[in-house]
Peer 1: 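First the structure, which I've put down as structure tokens, then a few questions once you've had a look.
Below, all heavy atoms of this structure are taken into account, side chains as well, without hydrogens, waters or symmetry copies. For this chain, numbers begin at 1 and follow the sequence in order.
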Amino acid sequence: MIRFINLLLVVAVIALSVGLYDIKYRAESADRAAGRLEAQIAAEQDAIRVLRAEWSYLNQPERLQELAARYTELQPLTASQIGEFEDVPMPHMADEFYAPSGRQPLGGYAGTRPEGISGGRSVQ
């Protein structure tokens with residue numbers, strides 16, 4: 001019986017050793033893959049920085065102005081190209097903003113003094 005238990009324990013130790021060996025090399029492989037991904041990410045970030053610098057250079061207003069003058073016949077924009085004053089629609093004059101409809105003037109600071117107050121003192 002003791003030999004059977006010993007044999008069983010030896011087999012279990014061997015199985016656990018093989019499993020641990022497999023897990024170790026899988027973890028190392030995953031670590032190498034993560035390192036490769038980090039290197040790719042760093043390379044892409046460097047490429048993005050270079051492209052942003054190039055975009056900034058290509059979009060400088062002075063450079064674009066020079067290219068526009070050299071290769072096009074563009075002229076500065078005038079106000080008449082946008083529209084005329086007659087094109088702007090006027091609001092209806094019946095709106096309350098232009099002609100209040102029968103409102104009474106407000107008291108106090110807005111027009112007249114409220115009743116019962118004369119010269120800053122209240123009347124009793």
Peer 1: For L58 and L64, work out which heavy atoms get closest and say how close.
Peer 2: O-CD2, 3.6 Å
Peer 1: Using only atom types and a distance under 3.5 Å, with no angle test, would you say the side chain of S17 pairs donor to acceptor with the backbone of V13?
Peer 2: yes
Peer 1: Give, for atom CD of Q75 and atom CD of Q81, the distance between the pair rounded to the nearest 0.5 Å.
Peer 2: 9.5 Å
Peer 1: Roughly how far apart are L67 CG and R70 CZ, rounded to 0.5 Å?
Peer 2: 6.0 Å
Peer 1: I'd like to know if the side chain of S56 and the backbone of R52 have a donor-acceptor N/O pair within less than 3.5 Å.
Peer 2: no
Peer 1: In Å and rounded to the nearest 0.5 Å, what is the CH2 to CD1 distance from W55 to I48?
Peer 2: 14.5 Å
Peer 1: To the closest 0.5 Å, what do you measure between CD1 (I23) and CG (L16)?
Peer 2: 9.5 Å
Peer 1: To the closest 0.5 Å, what do you measure between CZ (R49) and CD (E44)?
Peer 2: 11.5 Å
Peer 1: For the side chain to side chain contact (heavy atoms under 4.5 Å, CB included) test, which of R32, E38, Q40 pairs with R36?
Peer 2: R32
Peer 1: How long is the straight-line distance from CG of D31 back to CZ of R26, given to the nearest 0.5 Å?
Peer 2: 16.0 Å
